[in-house]
Amino acid sequence: MASPVSSLEGRTLTLDRGGRRVLADLSFRAVAGRALVVTGANGAGKSTLLRLIAGLLRPVAGDLVIEGGDPDLTIAQHCHYFGHQDALKNQLSVAENLAFWRDFFGVADGTVLDALDRVGLARLIDLPAAYLSAGQRRRLAFARLLVTRRPIWLLDEPTSALDAASEARLLEIVGEHLDAGGLVVAATHLDLPFARIDGLRLGPAIVGEAA
Amino acid sequence: MASPVSSLEGRTLTLDRGGRRVLADLSFRAVAGRALVVTGANGAGKSTLLRLIAGLLRPVAGDLVIEGGDPDLTIAQHCHYFGHQDALKNQLSVAENLAFWRDFFGVADGTVLDALDRVGLARLIDLPAAYLSAGQRRRLAFARLLVTRRPIWLLDEPTSALDAASEARLLEIVGEHLDAGGLVVAATHLDLPFARIDGLRLGPAIVGEAA
Amino acid sequence: MRLIDYANPTRFLGLVAKILPWLAGATIVTFAVGLWLVFFRAPADYQQGETVKIMYIHVPFAWLSMFCYMTMAASALGTLVWRHPLADVSAKCAAPIGAAFTFLALATGSLWGKPMWGTWWVWDARLTSVLVLFIMYLGLIALQETIEDPLRAAKASAVLTLVGVVNIPIIKFSVDWWNTLHQPASVFRMGGSTIDASMLVPLLIMAVAFSLLFVWIHLMAMRNEIIRRRIRTMRMIEAAGAE
Amino acid sequence: MNALLALFAREWKLAVRVGGGALMGALFFLIVVTVVPFGVGPDLNLLSRIGPAILWIGALLATLLSLDRLFQVDRDDGGLDLILMGESPLELVVLVKCLAHWAATGLPLVIASPLLAIFMNMEPIAIGATTLTLLVGTPALTFTGAIGAALTVTLKRGGLLLAILVLPLTVPVMIFGVSSATAVLYGGMPFTTPFAILAALGLFAMVLGPVAAAAALRHAGE
Amino acid sequence: MNALLALFAREWKLAVRVGGGALMGALFFLIVVTVVPFGVGPDLNLLSRIGPAILWIGALLATLLSLDRLFQVDRDDGGLDLILMGESPLELVVLVKCLAHWAATGLPLVIASPLLAIFMNMEPIAIGATTLTLLVGTPALTFTGAIGAALTVTLKRGGLLLAILVLPLTVPVMIFGVSSATAVLYGGMPFTTPFAILAALGLFAMVLGPVAAAAALRHAGE
Amino acid sequence: MDLGNHAGFILASYGLSILVVVGLFAWVVLDGRAQRRRLAELEARGVHRRSQGQSQSQSQGMGMSRSAQPTTGDAR
Ligand code: HEM
Ligand SMILES: Nc1ncnc2c1ncn2[C@@H]1O[C@H](COP(=O)(O)OP(=O)(O)OP(=O)(O)O)[C@@H](O)[C@H]1O
Ligand SMILES: Nc1ncnc2c1ncn2[C@@H]1O[C@H](COP(=O)(O)OP(=O)(O)OP(=O)(O)O)[C@@H](O)[C@H]1O
Ligand SMILES: [Mg+2]
Ligand SMILES: [Mg+2]
């Protein structure tokens with residue numbers, strides 16, 4: 001990571017979706033080397049929070065601040081977002097899919113083959129992505145986080161669809177990212193055995209009209 | 001269920017996908033009143049097996065046989081398939097979505113309202129499906145299994161995206177189906193606390209040329 | 001109360017409730033005066049005879065069809081730049097009215113054209129540009145109706161509205177240019193560039209009357225739309241509460 | 001039967017709820033007819049001559065534009081899998097989907113065409129003939145287009161060739177449609193001959209389309 | 001820069017491998033040109049006169065056919081979210097996507113047009129002029145169409161709506177494209193004036209299209 | 001009042017204009033009534049916007065288990 005981020009802070013964030021208030025006055029702080037684990041019931045706003053950090057949604061009030069990092073870049077550009085959708089093209093091979101995102105995200109931090117090896121897909125490198133199973137697709141999507149290092153990882157239910165072995169491997173990779181001074185914000189309803197966890201529990205969906 | 005099925009048996013099933021052998025010489029037997037839980041690593045062929053039973057994929061060798069059931073119908077027509085996709089149309093209301101599938105699948109076994117009530121969506125009956133959250137969508141998709149009873153339920157990671165309360169409710173409904181003499185074949189990586197379980201573990205993905 | 005306070009939909013509704021009766025009265029009175037002038041005072045044109053009476057509605061409709069689009073464009077700016085909460089309500093409600101007025105400009109023009117030009121329709125610059133405007137209204141309505149989420153619909157149609165503004169002068173200009181190539185324009189000109197006061201006054205009064213009508217209908221439609229959105233919100237709340 | 005009725009009702013609703021669906025086709029048609037004079041010039045004589053061809057091209061394009069995801073949406077949301085597991089033969093399902101689509105998209109086009117023909121300065125008899133050919137011909141376009149829609153669902157890599165084969169199938173329909181409409185204009189040729197062929201093509205497409213599309217869809221899941 | 005090159009390469013690969021869209025466009029173009037003579041009758045003179053207009057109308061409609069999934073695929077698979085998080089400005093991303101789309105869809109049309117012009121009995125000079133105007137004008141159509149594609153990105157069956165939104169915006173391009181092509185035929189007017197305006201419109205669309213489409217896409221994610 | 005030999009066109013244009021304007025007006029009025037009726041229905045059913053009923057909506061509780069009790073009575 002070129003320019004490490006030491007903390008990511010949300011201050012009284014408020015956000016509406018589809019005319020309803022989903023996050024109200026939410027504050028949190030994620031620090032380098034620790035995982036902030038966001039929990040809450042279905043519809044509590046976990047995914048919404050991650051998308052907010054990723055710059056895909058705009059809050060109606062409140063601020064998002066980072067310490068450290070590259071001042072020329074936005075916060076979103078310090079983040080990798082690993083959500084439910086895999087952004088894979090069925091017509092491209094495994095390697096082509098990954099190589100594109102490496103090039104698109106700029107400075108490469110390792111080869112495509114290494115990354116595929118880490119997630120256990122090295123043998124499938126030339127297969128069209130259409131042929132992958134649910135879990136394999138998810139691992140390929142995760143490999144994207146490895147080819148271009150960005151300091152903040154936003155993981156939305158990262159272990160869903162993964163088998164036990166893959167889950168262990170994913171947790172290991174996340175652990176290494178934390179050890180290297182990275183930040184992780186993860187949304188989940190399962191218990192994720194990360195080493196150093198800060199918790200953030202979102203209340204039941206706040207039901208009300210947008211101001 | 002008009003014509004109960006007493007067992008579903010696979011005999012030396014072999015299946016290729018994308019030129020590779022995914023299932024080789026697989027045999028299994030699922031019996032009424034018990035859940036056959038299929039486990040295995042990512043890419044082991046769990047979803048493939050379910051889709052094979054559902055008649056969506058054809059084996060290159062082997063047979064699928066049921067005992068009991070309606071001799072005029074194919075095996076697939078005895079099955080409900082509950083996969084990752086929800087087959088909901090955002091433009092239709094909750095009731096319209098469910099009513100369509102009830103009518104399409106023929107003999108109705110209960111009203112739309114009852115089914116929605118079972119999955120806790122009764123109050124949303126007139127709402128467009130677009131307004132539903134991820135968990136609500138999945139429950140609505142599941143309600144489809146209740147409006148037209150078919151004896152065999154094929155569940156692919158049924159609890160994914162559900163929070164704890166919803167999961168418990170789903171397991172309860174599956175339990176009732178088993179009690180009523182139904183069959184369940186479920187693919188999962190999590191431990192599903194069904195009452196009466198038969199296990200089927202698929203080997204690691206067989207990577208190789210199709211014969 | 002500062003102007004900004006009207007940004008609050010509830011305040012806005014209160015204001016509308018106060019204004020509407022006055023607006024209704026003013027519209028009806030202006031129409032009465034205008035129509036009386038048109039039918040009992042205004043002279044027949046020496047060239048066109050009594051058909052000139054069509055002018056008193058045709059021209060206001062034509063003006064308003066463009067005015068209404070500019071209202072939408074201003075609202076579009078309000079939506080995209082200032083994110084004013086009422087701007088997209090305004091834009092959305094202006095579209096059907098604009099479409100209706102444009103349709104009437106086309107229809108009354110055609111009805112005037114048949115006796116004057118001997119044809120209902122020619123592919124001439126002005127006519128075609130108005131037809132394109134009509135189509136753009138319908139396209140905007142279709143877009144708004146199709147995107148379910150009102151906020152997203154508002155932003156999409158705001159972008160389209162603004163792009164369309166750029167296009168309007170281009171359409172007019174280029175079509176003029178294109179027209180000279182093939183056949184001489186048959187654009188009607190009043191005998192002389194100025195209109196006699198005996199016609200101009202009724203025309204202007206009718207124009208004012210139609211503008212008042214526009215504002216009246218627009219405000220009522222905005223009120224409906226605000227309530228519609230409240231209902232939508234409440235149904236979603238009901239949905240979430242039901243979990 | 002009930003299943004197919006329900007399907008028809010649903011498809012109709014879906015088509016209509018996408019932005020007033022039915023109107024959309026007619027509106028699109030209007031725009032095509034508006035654009036042509038911009039290209040060809042405002043010569044009313046010329047316009048009336050190419051009128052039938054323009055209306056037919058507009059109808060083909062409107063059909064293609066709205067058809068191409070007829071099955072894809074169902075495949076993407078998993079509905080196709082469930083349809084395959086139903087008790088209705090897939091051929092009939094395709095037929096019903098096509099009919100609903102035509103009723104929501106094609107029929108409004110046919111209804112709007114006399115009005116647009118006036119814009120094109122066509123004569124009453126030509127207007128009648130064109131509308132009639134469109135009424136008979138647009139279902140054929142829909143059924144043929146359904147094959148293409150089914151193929152786009154299945155196409156992976158090699159299947160491109162098939163797509164090339166489908167669109168040319170619409171050429172005969174187009175040609176006989178336009179020539180029977182213009183036969184009335186020039187009088188060189190009887191109206192009934194090409195019209196009879198058009199009707200025959202329509203019936204043929206009604207069988208071929210669903211059968212071929214169903215065959216393609218069966219392989220879509222694999 | 002590298003990012004945009006990679007994007008271009010990927011878009012190109014996708015367009016070529018999926019094919020469906022690109023091919024449908026070219027085939028549709030061919031059908032338009034095949035069908036018009038049947039409507040106009042066998043008058044070769046007339047055909048050569050309206051030839052440029054027909055080619056232009058065909059190109060316009062063919063572009064519409066393939067545009068509707070320009071951004072939709074990326075939105076549906078989540079790729080758009082990642083693109084928004086990249087360091088490349090969204091406007092440039094849209095520009096590059098349009099260019100790749102044009103290279104895969106529009107360019108084949110341009111290349112095919114001289115051949116089709118021969119079908120239309122056009123003279124060499126008119127063929128040259130029409131091809132040149134298409135070469136300059138079709139990118140403008142793509143850029144304008146991109147706005148419609150971005151506006152309808154959230155809709156499942158938005159093809160027709162897209163066409164309705166985009167067609168009025170493409171009218172100026174059509175007018176100047178056709179008139180510079182026909183200027184050569186009649187000689188009444190210099191070729192260069194409308195051609196220069198066409199080129200200017202192309203440049204304008206190249207700015208306006210990406211900016212407006214990017215604005216629409218930014219809001220679509222919310 | 002004599003409208004000359006083109007009276008038909010004049011009357012047609014005024015008639016059509018009145019028809020369309022009145023139609024537009026009627027639509028707005030009827031739509032307004034329908035919306036207000038639906039709003040009243042919702043309010044009668046006890047649905048509130050946040051500004052009026054925050055605490056109320058939060059006490060409704062979440063999770064499937066709650067709706068295990070038949071809530072269909074107030075479903076419609
Ligand atoms: C469908 C056919 C027609 C359409 C779409 C149409 C459209 C328009 C438009 C848009 C304007 C406003 C122009 C501006 O403010 O710059 C206008 C003004 C006018 N039109 Fe028409 N028109 C049509 C037919 C006619 C006919 C047949 C006549 C009379 C023979 C006519 C007479 C006028 C007059 C006198 C004005 C006011 C001119 C001025 O402000 O200088 N129009 N029309
Ligand atoms: N695109 C959208 N438009 C409008 N509202 C939305 C949208 N997506 C989500 N919502 C609403 O926002 C709220 C929060 O959704 P979000 O996806 O953040 O929940 P979550 O905590 O991630 O739930 P889950 O555990 O199901 O993933 C929900 O009530 C949902 O209905
Ligand atoms: N559409 C397809 N075409 C070709 N091969 C496929 C296709 N889908 C899956 N496969 C291959 O079939 C094998 C089994 O896939 P399947 O989806 O059944 O796995 P799974 O056990 O469900 O895995 P997961 O736990 O990831 O869902 C995988 O190796 C995969 O690469
Ligand atoms: Mg979520
Ligand atoms: Mg699976």
Side-chain angles (χ1 to χ4, degrees), chain B residues 15-19 22 47-48 50-60 70 72-93 96-108 128-130 137-138 141 144-145 147-148 150 152-154 156, chain D residues 1-22 24 66 69-90 92-94 96-97 100-101 104 153-159 214-222:
Chain B
L15 189 142
D16 296 340
R17 290 189 90 170
V22 175
S47 303
T48 302
L50 295 194
R51 292 179 70 82
L52 166 63
I53 300 172
L56 302 169
L57 295 173
R58 252 166 304 224
V60 287
D70 183 338
D72 292 342
L73 299 180
T74 63
I75 296 179
Q77 286 164 354
H78 288 90
C79 300
H80 268 307
Y81 177 61
F82 179 61
H84 298 288
Q85 294 164 308
D86 51 28
L88 300 178
K89 300 289 178 194
N90 282 338
Q91 295 90 358
L92 302 183
S93 74
E96 282 171 332
N97 266 299
L98 194 53
F100 165 68
W101 288 112
R102 179 199 54 196
D103 296 341
F104 188 80
F105 280 138
V107 200
R137 289 180 81 88
R138 205 140 165 82
R144 195 164 43 226
L145 277 60
V147 283
T148 313
R150 285 185 164 187
I152 306 174
W153 285 7
L154 308 171
D156 199 352
Chain D
M1 205 54 232
N2 198 15
L4 294 176
L5 279 182
L7 182 66
F8 186 91
R10 181 184 78 149
E11 291 295 314
W12 166 267
K13 272 187 214 155
L14 286 176
V16 169
R17 290 196 190 162
V18 177
M24 206 100 93
S66 52
R69 286 194 237 172
L70 188 61
F71 304 113
Q72 182 131 36
V73 181
D74 279 325
R75 186 197 140 100
D76 288 350
D77 70 12
L80 188 58
D81 294 340
L82 300 183
I83 286 177
L84 286 167
M85 295 174 71
E87 285 158 35
S88 319
L90 191 55
L92 287 184
V93 168
V94 173
V96 168
K97 278 185 81 106
H101 182 271
V153 166
T154 37
L155 284 187
K156 294 253 166 67
R157 276 198 192 184
L217 287 178
R218 286 226 173 75
H219 297 291
E222 299 201 346

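Worth saying up front: this structure is predicted, and the values here are computed from it rather than measured. Note on naming: letters A, B, ... go to the chains in the order of the sequence lines (proteins, then strands), and numbering restarts at 1 for each one.
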[atom1]/[X] to [atom2]/[Y] distance, rounded to the nearest 0.5 angstrom?
| X | Y | atom1 | atom2 | value |
| --- | --- | --- | --- | --- |
| D:K13 | B:Q91 | NZ | CD | 12.0 Å |
| D:L14 | B:N90 | CG | CG | 10.0 Å |
| D:E87 | B:T148 | CD | OG1 | 9.0 Å |
| D:M85 | B:T74 | CE | OG1 | 8.5 Å |
| D:L84 | B:Y81 | CG | OH | 12.0 Å |

**Q.** Residue pair D:D81, B:R51: steps toward the salt bridge (Lys or Arg N to Asp or Glu O under 4.0 Å) verdict
**A.** CA-CA 9 Å; D:D81 294 340; B:R51 292 179 70 82; 3.0 Å; yes
Q: Show your reasoning for whether salt bridge (Lys or Arg N to Asp or Glu O under 4.0 Å) applies to D:D74 and B:K89.
A: CA-CA 9 Å; D:D74 279 325; B:K89 300 289 178 194; 2.8 Å; yes
Q: Would you mind checking which part of B:L88 comes under 4.5 Å of any heavy atom in chain D, side chain (CB onward), backbone (N, CA, C, O), both or neither?
A: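 When you check distances to chain D, only backbone atoms of B:L88 fall under 4.5 Å.
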(Q) Taking side chain as everything from C-beta outward and backbone as N, CA, C, O, which of these in B:H78 sits under 4.5 Å from a heavy atom of chain D? Side chain, backbone, both or neither. (A)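 Neither; nothing under 4.5 Å.
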(Q) If I measure from the heavy atoms of chain B, does D:V93 come under 4.5 Å with its side chain, its backbone, both, or neither? (A)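 Side chain only.
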Q: Report yes if the side chains of B:Q85 and D:D77 come closer than 4.5 Å at any heavy-atom pair, otherwise no.
A: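 Heavy-atom side-chain distance check fails, nothing below 4.5 Å.
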(Q) What I'd like to find out is whether the side chain of D:N2 reaches to under 4.5 Å of the side chain of B:F104, using heavy atoms alone. (A)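 No, every pair of side-chain atoms sits at 4.5 Å or beyond.
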(Q) As a quick check of understanding, evaluate side chain to side chain contact (heavy atoms under 4.5 Å, CB included) for D:R10 and B:W101, giving each step before the final call. (A) CA-CA 10 Å; D:R10 181 184 78 149; B:W101 288 112; 4.2 Å; yes
Q) Looking at D:G78 and B:A87, what are the two nearest heavy atoms and their distance? A)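 In terms of heavy atoms, the two residues are closest at C-CB, 4.0 Å.
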